[in-house]
Amino acid sequence: MDAGGKIKRPSFGRAGPMQLENFQTLGLPESLHRKTGLFPRLLQAIDPVADIDDGWGSFFDMRFGAHTLDRLATSAAFQVMNKVRVRFAPSPTGFFHIGSARTALFNWLYARARGGVFILRIEDTDRTRNTSEALRVLFDGMRWLGLDWDEGPEAGGGAGPYFQSQRDDFYRDYREKLVAADRAYEKEGALFFRISGEPQVIEDAIRGRVERTEEKDFVIFRSDGSPVFHFVNVVDDIAMGITHVIRGEDHLSNTSKHTELFKAFGVEPPTFAHIPLILKQNGPGKMSKRDEGALIEDYQRRGFLPEAVVNYLCLLGWSPKDDREKMPIEEIIRIFDLPGINRNNARFDERKMRFLNAAYLQEIAPDRYLELARAALDATNEDSAADPRYREEVFLLCREKIRAIDELPGFTGYFFTEDFPIEEKAARKILGKGEPITRLRQFLAAIGDGVDFSDEVALEAIITGLAGTHGVSTGEFIHPIRLAVSGTNVGPGLYGLLRVLGRDRVVARIERFLAAHG
RNA sequence: GCCCCCAUCGUCUAGCGGCUAGGACGUAGGAUUCUCAUUCCUAAAACCGGGGUUCGAUUCCCCGUGGGGGUGCCA
């Protein structure tokens with residue numbers, strides 16, 4: 001301990017195991033160090049960057065009987081003592097930006113990882129646009145991603161109201177405190193905050209120590225009487241008992257204003273964690289609303305799977321450190337922590353998100369997939385007249401080919417019309433070698449005597465039988481058949497394709513093809 | 001201009017003094033003798049530069065450079 005009666009914060013490194021010397025710095029019995037595998041988790045469960053004051057001594061003096069430290073870290077009593085309260089505080093703009101979504105996600109993850117409380121607070125001061133519509137976009141997006149909030153609009157909670165537009169009483173009270181303490185003064189109609197001018201040191205959970213000195217007094221109430229962001233943000237965080245402020249790095253430079261305010265109110269600032277920004281896919285700068293792929297509702301509309309979007313967003317600035325990428329959210333919650341977040345900005349890459357989406361898409365329940373597929377095709381109206389059962393067969397068949405639902409319409413065209421084009425390039429490639437016309441005739445002849453088209457195995461047997469009989473590869477049959485029935489050389493496996501199209505379509509299409517090309 | 005943050009393949013990342021610098025997306029070949037946008041294998045592909053510290057730096061420090069952010073009576 002130093003003269004101030006406080007133990008200096010030990011340097012744990014970033015989520016690494018705790019060193020013996022740090023251990024000793026905390027004044028803990030050396031024997032406990034043998035449980036070193038448990039300590040990092042315990043310490044992180046408490047707070048990776050909190051000031052270690054003498055509360056620690058008494059904490060460790062408490063006896064938890066036979067409880068291991070591991071159990072202690074997750075015990076109900078411990079959780080209550082150290083309840084994490086985080087908030088996501090968006091301004092309803094009518095869009096749900098992907099960067100905002102990730103900020104919400106990291107807050108939510110942290111709350112869930114610590115058994116804490118996730119609060120949604122709406123920063124709707126000086127709003128003029130259609131707020132209810134903007135709120136709907138936000139709530140829909142949050143719920144779609146699975147980011148449920150414990151306190152906030154439509155959820156209640158004891159620290160409300162959760163709309164800044166309804167918190168004028170708080171702002172007035174806190175304003176009075178500053179005026180009474182001579183920390184605020186009026187000038188040109190606006191109310192200015194009188195800074196201390198002291199260097200503001202923040203121990204960022206991600207970046208470590210950051211020091212910045214605020215140099216000018218700043219406005220906290222406009223001349224029209226309305227409070228500005230810095231003020232309401234801090235007041236609400238105090239009033240709502242926020243313990244950890246997890247937000248974008250674009251706020252890092254503002255944090256010195258905020259710590260000035262916290263201190264002016266006599267409140268110890270919360271732990272800050274400034275997460276890196278998401279940069280646009282192409283070109284310089286952070287992603288903005290105008291950029292391609294910037295909006296959550298866009299992915300929702302295009303039929304992306306929320307678990308894939310969430311998984312991808314987790315990987316943008318955070319990693320499990322062990323090469324895993326596709327992970328269930330429960331597992332991410334289990335190992336998520338603040339120091340594990342990167343410090344550098346990350347460029348958004350829709351291709352990788354698409355890759356993850358494909359992986360999830362192949363494993364979701366058929367009913368869920370079909371629902372998404374129907375919605376996507378309803379938009380094109382291409383298949384409106386088709387039999388519902390047939391539609392489902394088509395969608396299921398094409399699932400393996402697509403990475404996201406928005407690619408589905410590109411695969412289904414020829415299933416729903418007899419007037420599909422024969423791709424010139426594919427035709428040239430396939431008709432140019434072997435004896436495709438002969439093979440088609442042989443195939444027609446072979447299926448003439450009652451092959452069961454609902455049986456892919458039987459269909460395969462026909463083709464392999466024909467290939468064997470005529471001494472050619474199965475491809476000699478497969479490629480021309482695919483071309484004749486679909487007009488292209490790419491698509492689902494042939495036997496499934498034939499099964500779904502059914503005998504009537506297949507025969508008619510091949511005959512028509514022969515008439516045109518034979 | 002001033003202030004703050006950051007820096008490993010094209011992209012997302014692992015690495016916390018000694019490694020053939022690992023994985024993933026994407027890309028290029030090949031395989032699965034059915035295409036392919038699936039799967040599998042292989043390949044190309046990175047430590048921004050310069051000084052230190054050290055027996056030894058991708059790793060620690062400093063300076064550049066580059067990128068990002070802030071600097072509103074926006075949030």
Side-chain angles (χ1 to χ4, degrees), chain A residues 13-17 89-93 100 123-127 164 187-192 202 204 206-208 210-216 218-230 232-233 247-257 274 276-279 281 284-286 312 315-326 342-356 358-359 362 398-403 407 410-411 426 429-430 460 463-464 467 472-483 486 488-497:
Chain A
R14 307 185 73 233
S91 169
T93 57
S100 298
E123 307 221 336
D124 60 346
T125 51
D126 78 8
R127 269 306 124 205
Q164 287 188 333
K187 182 178 155 191
E188 293 168 8
L191 192 72
F192 280 71
I202 76 160
D204 192 281
I206 296 167
R207 279 148 220 286
V210 178
E211 185 175 319
R212 188 171 185 281
T213 304
E214 204 58 44
E215 288 178 335
K216 287 203 317 242
F218 55 91
V219 171
I220 52 177
F221 279 82
R222 303 184 184 88
S223 45
D224 69 1
S226 61
V228 303
F229 163 73
H230 302 300
V232 296
N233 197 263
R247 55 174 24 162
E249 199 228 55
D250 49 346
H251 286 295
L252 186 53
S253 292
N254 289 328
T255 306
S256 48
K257 287 189 180 71
H274 287 93
L277 268 24
I278 297 179
L279 270 24
Q281 314 204 54
K286 64 174 176 175
Y312 176 71
L315 261 22
L316 222 48
W318 174 88
S319 90
K321 317 285 186 200
D322 59 8
D323 293 345
R324 282 180 296 173
E325 294 202 317
K326 180 168 172 286
N342 284 120
R343 291 157 306 236
N344 49 320
N345 294 340
R347 198 170 290 276
F348 184 76
D349 182 7
E350 184 174 320
R351 289 176 306 182
K352 184 148 187 174
M353 191 165 86
R354 214 168 253 284
F355 168 82
L356 269 176
Q362 304 312 319
C398 293
R399 163 147 75 161
E400 62 174 58
K401 306 305 297 180
I402 61 175
R403 300 152 76 78
E407 296 172 9
F411 278 98
K429 182 176 170 189
I430 291 164
E460 181 168 6
I463 303 277
T464 50
V472 296
S473 72
T474 53
E476 289 269 323
F477 283 90
I478 285 166
H479 300 310
I481 294 170
R482 178 189 301 283
L483 180 67
S486 72
T488 180
N489 63 332
V490 302
L494 185 74
Y495 309 120
L497 179 61

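Within every chain, numbering begins at 1; the chains are lettered A, B, ... in the order of the sequence lines, protein sequences first and strands thereafter. Heavy-atom basis, side chains included; hydrogens, waters and symmetry copies ignored.
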Query raised in the report: Taking only side-chain nitrogens and oxygens of A:Arg324, does any of them come within less than 4.0 Å of OP1 or OP2 of B:rU13?
Result: no

Report task. State whether A:Lys321 places a side-chain N or O below 4.0 Å from either non-bridging phosphate oxygen (OP1 or OP2) of B:rA14. Result ->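 So the side-chain polar atoms of A:Lys321 do come within 4.0 Å of the phosphate oxygens OP1 or OP2 of B:rA14, strictly under.
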
Measure [atom1]/[X] against [atom2]/[N] and give the value in whole Å, please.
X: A:Asn489; N: B:rU35; atom1: CG; atom2: P; answer: 11 Å
X: A:Arg354; N: B:rU27; atom1: CZ; atom2: P; answer: 13 Å
X: A:Leu279; N: B:rG10; atom1: CG; atom2: P; answer: 16 Å
X: A:Glu325; N: B:rU11; atom1: CD; atom2: P; answer: 16 Å
X: A:Gln164; N: B:rC74; atom1: CD; atom2: P; answer: 14 Å

When both hydrogen-bonding distances must be under 3.5 Å and the geometry is Watson-Crick or G-U wobble, what is [N] paired with, if anything?
N: B:rA28; result: B:rU42
N: B:rA57; result: none
N: B:rG1; result: B:rU71
N: B:rA7; result: B:rU65

Given [options], the nucleotide with the shortest approach to the side chain of [X]:
X: A:Phe229; options: B:rG22, B:rU8, B:rA75; result: B:rA75
X: A:His479; options: B:rU35, B:rC12, B:rC6; result: B:rU35
X: A:Arg343; options: B:rU38, B:rA24, B:rA7; result: B:rA7

Integer angstrom distance from the [atom1] of [N] to that of [M]:
N: B:rC55; M: B:rA45; atom1: P; answer: 34 Å
N: B:rG1; M: B:rA46; atom1: P; answer: 34 Å
N: B:rG26; M: B:rA37; atom1: P; answer: 11 Å
N: B:rG49; M: B:rU54; atom1: P; answer: 23 Å

Query raised in the report: Do A:Ser486 and A:Arg482 have side-chain atoms, one donor and one acceptor, less than 3.5 Å apart?
Result: no

Query - All side-chain contact (heavy atoms from CB on, under 4.5 Å) counterparts of A:Glu214, not counting sequence neighbours - result: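 A:Ile195, A:Arg212, A:Phe218, A:Ser256, A:Lys257, A:Glu260.
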
**Report entry** First encountered from the 5' end of RNA chain B, between A:Arg207 and A:Ile402
**Finding:** A:Arg207

Query raised in the report: Between A:Arg324 and A:Asp322, is there a salt bridge with N-O shorter than 4.0 Å?
Result: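 So A:Asp322 pairs with A:Arg324 through a salt bridge.
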
Requested in this report: Assign A:Gly491 to base, sugar-phosphate, or nothing according to its heavy-atom contacts below 4.0 angstrom with the strands shown.
Outcome: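 Base contact.
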
Query - Sugar-phosphate, base or nothing in reach of A:Arg347, heavy atoms under 4.0 Å - result: sugar-phosphate

Report summary line: ring pair (Phe, Tyr, Trp, His ring centres under 6.0 Å) filter on A:Phe229, not counting sequence neighbours, yields A:His251, A:His258

Could you go over nucleotides 69-73 of chain B and give all protein N or O partners under 3.5 Å, atom names and distances?
unit_1: B:rG69; atom_1: OP1; unit_2: A:Lys286; atom_2: N; d: 3.2
unit_1: B:rG69; atom_1: O2'; unit_2: A:Asp250; atom_2: O; d: 3.4
unit_1: B:rG69; atom_1: N2; unit_2: A:Ser253; atom_2: OG; d: 2.9
unit_1: B:rC73; atom_1: O3'; unit_2: A:Arg222; atom_2: NE; d: 3.4
unit_1: B:rC73; atom_1: O2; unit_2: A:Ser223; atom_2: N; d: 2.8
unit_1: B:rC73; atom_1: O2; unit_2: A:Ser223; atom_2: OG; d: 2.9
unit_1: B:rC73; atom_1: N3; unit_2: A:Ser223; atom_2: OG; d: 3.1
unit_1: B:rC73; atom_1: N4; unit_2: A:Glu188; atom_2: O; d: 3.1

